[in-house]
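What you see below is based on every heavy atom in this structure, not just the backbone, and it leaves out hydrogens, waters and symmetry mates. Numbers restart at 1 for each chain; the letters A, B, ... are given by sequence-line order, proteins then strands.
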Amino acid sequence: MYSTQNILLFGLLSILLAPIAGGLITGLDRKLTARFQSRTGPPLMQPFYDVAKLWGKERTTTNVWIAFSAWVYVTASATTVFLFFIQSDLLLILFVQAVGAVFLCIGAFAVPSPFSQIGAQRELLQIFTYEPLLTLVVISMAAVTGSFKISDVLAYDSPLLLELPLMFIVLGYALAIKLRKSPFDISASAHAHQELVRGVYTEYSGRYLALTEIAHWYEVVFVLGLCALFWTTNWMILVPLLIVTYLVEIIVDNGAARMTWRWMLPTVWFTGLGLSLVNLTWIYLG
Amino acid sequence: MFKKFIEKSQLKSPWIVHLDCGSCNGCDIETLACLTPMYDIERFGILNIGNPKHADVLIVTGTVNHRNKHILRNVYNQMPEPKMVVAVGACGLTGGVFRDAPNVVGGVDKVIPVDVYVPGCPGKPEAIIDGVIEALAKLAELQKEGRKKK
Ligand code: SF4
């Protein structure tokens with residue numbers, strides 16, 4: 001067991017290192033995506049160039065709420081990662097993460113631009129879709145290990161994946177929606193034109209867009225961290241598991257077209273709830 | 001050091017917004033062709049972002065007329081500094097074949113300052129990519145001058 005000081009230090013370190021890891025993963029993601037489309041793709045460091053450039057741009061906002069929301073979003077995401085790495089309570093972490101996600105929408109709602117408004121509404125629907133799934137994943141972890149504390153989950157001596165294989169698939173759905181991968185890139189999509197311009201991000205510009213991007217990096221680290229909890233006993237399996245999970249997300253992203261929320265909500269809920277039900281019954285009986 | 005990295009990044013990540021003034025669509029198709037695997041502008045960090053508030057480079061195709069000059073000015077004003085403008089095609093440069101039409105104002109530079117002119121009817125994708133890279137070279141010059149002033 002680690003001492004309290006060590007854990008706090010670890011948490012603070014994670015606040016600094018998580019954006020770097022998240023940025024690199026995003027860069028790798030873009031590179032691989034380009035490769036799948038037989039393009040050369042941007043350099044690995046591209047996400048950092050983008051954010052630094054945005055940071056240096058002239059500051060223009062239509063509304064102070066945008067700036068405020070961007071800061072709350074990034075603070076909440078950083079706090080999520082911090083709480084995760086100091087091995088805090090999983091439910092608390094989910095709530096803090098949800099606050100950040102909702103503030104992204106609040107900022108977008110503060111401007112009368114129709115693109116931003118529709119984008120924010122769709123983002124709320126996406127949150128509405130993945131939040132129950134994440135909660136179910138966390139609840140089933142607690143059902144197996146007997147506690148919501150990450151430290152207790154870590155102390156559990158057999159891999160969770162063996163007991164909760166279906167929950168891992170559920171988490172995969174939540175991951176795809178959270179990272180806005182196709183077919184779930186409904187509220188905003190990273191590339192090219194779509195009818196929503198940049199959806200929920202439309203009105204964030206310059207430095208505030210950079211902040212939302214950094215917040216997104218924190219989220220990437222957080223969701224991968226959640227996946228990591230499924231196999232904490234052995235590094236040799238944990239790392240390939242994470243790589244394969246993310247690779248599957250990228251492949252699905254490239255292979256799928258964007259769908260509508262009318263499809264997303266029932267499909268994801270029914271599959272997610274169905275899988276959870278089966279898995280939880282199985283634990284209960286077993 | 002951080003400032004240096006920002007300046008370097010400005011040259012490495014030009015996001016473009018493409019505005020079709022009164023183009024015949026020839027130049028637009030060539031501009032969009034830049035996104036295909038054949039030309040793949042993302043290797044220069046260029047994204048077609050479609051939102052003036054996020055963009056660094058404005059690519060304008062086609063003639064400007066009395067109706068759309070307001071839109072052109074509006075889109076230009078929404079872009080935060082530093083920003084560059086690339087005019088594409090004979091129409092964007094001077095009005096091209098439409099220059100004598102009664103409703104036509106002329107080239108893009110009649111309304112907003114233009115940094116790079118890409119000729120052709122339509123401008124080739126290679127030339128358009130070159131135009132954006134040329135705009136970055138100009139931005140690099142401006143950065144140097146800005147540093148000297150201080
Ligand atoms: S320059 Fe030629 S191709 Fe381009 S918009 Fe004008 S007429 Fe069309």
Just wondering, are more than 12 heavy atoms of other shown residues or ligands nearer than 6.0 Å to [atom1] in [X]?
X	atom1	result
A:Phe10	CZ	no
A:Tyr173	OH	no
B:Lys12	NZ	no
A:Trp65	CH2	no

If you take all heavy atoms of [X] and [Y], which pair is closest and at what distance?
X	Y	result
B:Ser9	A:Tyr49	CB-O, 3.2 Å
A:Arg39	B:Leu35	CD-O, 4.2 Å
B:Ser13	A:Asp50	OG-OD1, 2.7 Å
B:Met79	A:Glu58	O-OE1, 4.4 Å
B:Asp40	A:Thr40	OD2-N, 2.9 Å
A:Tyr201	B:His54	O-NE2, 3.1 Å

Open item on the list: Looking at chain B, which one of A:Ser38, A:Gly41, A:Ser205, A:Ala34 has the largest number of heavy-atom pairs inside 4.5 Å, strictly under?
Closed with: A:Gly41

- [ ] Report the option among A:Gly206, A:Gly56, A:Pro42 that has the most heavy-atom pairs separated by less than 4.5 Å from atoms of chain B.
- [x] A:Pro42

How many angstroms lie between atom [atom1] of [X] and atom [atom2] of [Y], to the nearest 0.5 angstrom?
X	Y	atom1	atom2	result
B:Glu42	A:Arg30	CD	CZ	4.5 Å
B:Asn51	A:Leu209	CG	CG	8.5 Å
B:Leu47	A:Gln46	CG	CD	7.0 Å

TODO: Quick one: which residue pairs count as a salt bridge (charged side-chain N to carboxylate O under 4.0 Å, His left out) with a foot in residues 49-74 of chain B, not counting sequence neighbours?
DONE: A:Lys53-B:Asp56, A:Lys57-B:Asp56, A:Glu203-B:Lys53

Open item on the list: What part of B:Lys83 gets within 4.5 angstrom of chain A, counting heavy atoms only: side chain, backbone, both, or neither?
Closed with: neither

Open item on the list: Please classify the contact between A:Gln37 and chain B as side chain, backbone, both or neither, with a heavy-atom cut-off of under 4.5 Å.
Closed with: backbone

